[in-house]
Student: 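One structure is given below, represented as structure tokens, and several questions about it will come after.
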Amino acid sequence: MAAKNFGCRVVNRSKSPVVFMILFALLMFSMLADSIVSKISLESAAFNQKRDYQALQSPKVVRNIKRNVVFPLPLTVSTQNKIIRVDNEHGIGKFRRRRLPEYEIFTSDELTKKFHGRVLEFFNHGCEVHFFMTWIAKVGSFGRREIMAVESVFKAHPNGCLMILSRTMDSVQGYRILKPLLDRGFKVLAVAPDFPFLVKNTPAEAWLDDMKSGKKDPGEIPLAQNLSNLLRLAVLYKYGGVYLDTDFIVLRSFKGLKNTIGAQSIDVVSKNWTRLNNAVLVFDMNHPLVLKFIEEFALTFDGNKWGHNGPYMVSRVVRGVEGRAGYNFTILPPMAFYPVDWMKIGSFFKLPKDSAGWRWIEAKVWQLKRQTYGVHLWNKQSSKLMVEEGSVMGRLMGENCVLCKHVYSS
């Protein structure tokens, strides 16, 4: 006779052995199935691991493929078929390539093949001065400080043209960053450079081939830094114009400058320059000194020494050719482009603590307006500093912006 407990039927004792055997059989089947699945999973994992290991041992072409981006003309955007070759005719090169985004700039695709035509078209619109900047970093890193540098170019040169050589900025997101300036009629364009085209028939062509094949060691210094060092030289040699770092605030027109480089430091006694810098370069197309810079870069490249392929390189070359026939150029004193040393740049961002400090700010701003073309911000040292309202940089940025947004958070 069955009884009811909480609405559930209680099984008669005579039937309980049968139920027990059924439950036991189901339990054993479940354990056996788990064992089989576990074995299959382990074998699959072992196979995948072996396959991945074998793949790592074989020379491959690494492809980073992203979706095409469609945007209305005249902006052309494509990030497809970014191929980074790490193998050569003898197999993997001596220096195993790291999968760095900077290597994408070595490649040519349908977008970069349009580079030369885009340059000619862009600068064919009555440009007062031709400016170039480089940006070999993520588009999202192009921030307020960099926008302020771009704004200052147009504050001093309303009819100037600025081309930013950058694969990442030549995109929808990059266009949106620059759109407020475009809406105000300023001529600024980000263009993915054709690196092989720019170095073709220069001493850097062999350097590029060695870097791509793995014969050249990129070193421990961020590759983007050294690529920018070469890219600025190649574009000036090819087209001529003014190169500016993206942490340079323009204060005066560059229109009267020709074949010019600036000294970063001078000897206090002799007044002779002790080091030059390449954050600002003004040169004609095919200038022999720029070609000499490219040659020195390619022949003495060292990716493990900071500044070796940049400021120290231009200093070595100029020291060797200064005074020789055929090299016509001007070296401007530190006040022209580097009025504050990198160790003292912090003083330009801070408010004074007393009346003497306020007088110093007034005197410094007055001096800079009359004696310098701009201020290099030494971003490595100052990028985390806030621009305090009323400071030297606060005054300069406030007076040399065109959008004038976020000046004090730059």
Side-chain angles (χ1 to χ4, degrees), residues 84 86 93-106 133-137 141 165 193 195 198-199 202-237 243-248 261-267 272-281 283 289-322 331 334 337-338 340-345 376-384:
I84 305 170
V86 298
K94 178 180 177 182
F95 302 100
R96 189 178 296 276
R97 293 279 68 84
R98 292 166 287 174
R99 294 185 183 181
L100 299 176
E102 293 93 334
Y103 278 93
E104 294 176 354
I105 199 171
F106 289 158
M133 290 180 175
T134 64
W135 187 253
I136 309 176
S141 300
L165 304 177
F195 214 112
L198 284 170
V199 300
T202 75
E205 185 174 12
W207 176 90
L208 178 62
D209 290 340
D210 287 346
M211 186 63 72
K212 289 196 295 183
S213 67
K215 296 177 183 178
K216 182 74 68 174
D217 180 13
E220 296 301 320
I221 301 297
L223 182 61
Q225 180 177 311
N226 284 318
L227 290 178
S228 176
N229 284 331
L230 178 57
L231 187 56
R232 70 190 67 180
L233 299 176
V235 76
L236 287 182
Y237 187 69
Y243 168 80
L244 300 175
D245 270 1
T246 53
D247 60 344
F248 186 86
I261 190 170
Q264 178 181 326
S265 58
I266 59 173
D267 184 273
N272 294 327
W273 65 268
T274 56
R275 186 189 302 175
L276 306 180
N277 200 293
N278 63 337
V280 179
L281 299 169
F283 283 97
L289 181 61
V290 178
L291 182 61
K292 200 72 175 175
F293 288 154
I294 296 173
E295 180 182 45
E296 179 73 8
F297 178 97
L299 294 178
T300 68
F301 179 83
D302 189 333
N304 295 308
K305 295 180 181 178
W306 186 92
H308 178 82
N309 313 298
Y312 293 111
M313 181 273 292
V314 295
S315 299
R316 291 194 305 272
V317 171
V318 170
R319 190 169 282 113
V321 304
E322 197 172 11
I331 301 175
F337 306 133
Y338 314 102
V340 58
D341 187 79
W342 63 270
M343 292 183 292
K344 299 178 180 179
I345 186 62
H376 189 234
L377 301 184
W378 308 106
N379 226 22
K380 189 175 182 180
Q381 284 70 36
S382 71
S383 61
K384 296 182 180 180

Student: Would a 4.5 Å heavy-atom cut-off, applied to side chains only, mark M313 and L233 as touching?
Tutor: yes
Student: Mind checking what makes side chain to side chain contact (heavy atoms under 4.5 Å, CB included) contact with W342, not counting sequence neighbours?
Tutor: Q264, W378, Q381
Student: Under a 3.5 Å distance rule, please check whether N304 uses its side chain to pair with a backbone N or O of E220 as donor and acceptor.
Tutor: yes
Student: Applying side-chain hydrogen bond (donor to acceptor under 3.5 Å, both in side chains), name anything that partners S382, two or more places apart in sequence or on another chain.
Tutor: R145
Student: Could you list the residues that satisfy salt bridge (Lys or Arg N to Asp or Glu O under 4.0 Å) with D247, not counting sequence neighbours?
Tutor: none
Student: Taking side chain to side chain contact (heavy atoms under 4.5 Å, CB included) as the definition, give me every residue that meets it alongside D341, ordered by chain and number, with sequence neighbours left out.
Tutor: M343
Student: Restricting to non-hydrogen atoms, name the atom on R319 and the atom on T274 that form the minimum distance, rounded to 0.1 Å.
Tutor: NH2-O, 3.3 Å
Student: Is the shortest side-chain heavy-atom distance between V235 and P193 below 4.5 Å?
Tutor: no
Student: Could you list all the ring-ring contact (aromatic ring centres under 6.0 Å, His included) pairs where at least one residue sits in residues 205-230, not counting sequence neighbours?
Tutor: W207-F297, W207-F301
Student: Suppose we screen for salt bridge (Lys or Arg N to Asp or Glu O under 4.0 Å). Which residues come up paired with E295, at least two apart in sequence or across chains?
Tutor: K292
Student: Minimum heavy-atom separation for Y338 to A279, with atom names?
Tutor: OH-N, 3.4 Å
Student: Could you list the residues that satisfy side-chain hydrogen bond (donor to acceptor under 3.5 Å, both in side chains) with D267, not counting sequence neighbours?
Tutor: S270
Student: So how far is it from F283 CZ to Y243 OH, rounded to the nearest 0.5 Å?
Tutor: 14.0 Å
Student: Here's a test for you: under side chain to side chain contact (heavy atoms under 4.5 Å, CB included), which of I261, L230, N278, N229 qualifies with F293?
Tutor: I261
Student: As an exercise, state the distance from CD1 of I136 to CD of Q225, rounded to the nearest 0.5 Å.
Tutor: 10.5 Å
Student: State the CG-CG distance between L236 and L289, to the nearest 0.5 angstrom.
Tutor: 11.0 Å
Student: Taking salt bridge (Lys or Arg N to Asp or Glu O under 4.0 Å) as the test, write out the residues that go with R275, two or more places apart.
Tutor: none
Student: Identify, with sequence neighbours excluded, every residue that meets side chain to side chain contact (heavy atoms under 4.5 Å, CB included) alongside L244.
Tutor: F131, M133, V153, V242, F248, V250, F254, V280
Student: Test of understanding: with side chain to side chain contact (heavy atoms under 4.5 Å, CB included), list the residues that count as partners of A234, not counting sequence neighbours.
Tutor: L198, V199
Student: Restricting to non-hydrogen atoms, name the atom on H308 and the atom on R316 that form the minimum distance, rounded to 0.1 Å.
Tutor: O-NH1, 3.1 Å
Student: Which heavy atom of A204 sits nearest to which heavy atom of I294, and what is that distance?
Tutor: CB-CG2, 3.7 Å
Student: Just to verify, what does S228 make a side-chain hydrogen bond (donor to acceptor under 3.5 Å, both in side chains) with, not counting sequence neighbours?
Tutor: T134, R232
Student: Search all heavy atoms of P203 against all heavy atoms of A298 and return the closest pair with its distance.
Tutor: O-CB, 3.4 Å
Student: Please round to the nearest 0.5 Å and tell me the distance separating atom CH2 of W135 and atom OG of S141.
Tutor: 6.0 Å
Student: In Å and rounded to the nearest 0.5 Å, what is the CZ to CE distance from F195 to M211?
Tutor: 9.5 Å
Student: Quickly, which of V317, L281, V318 forms a side chain to side chain contact (heavy atoms under 4.5 Å, CB included) with L276? Name it, please.
Tutor: V318
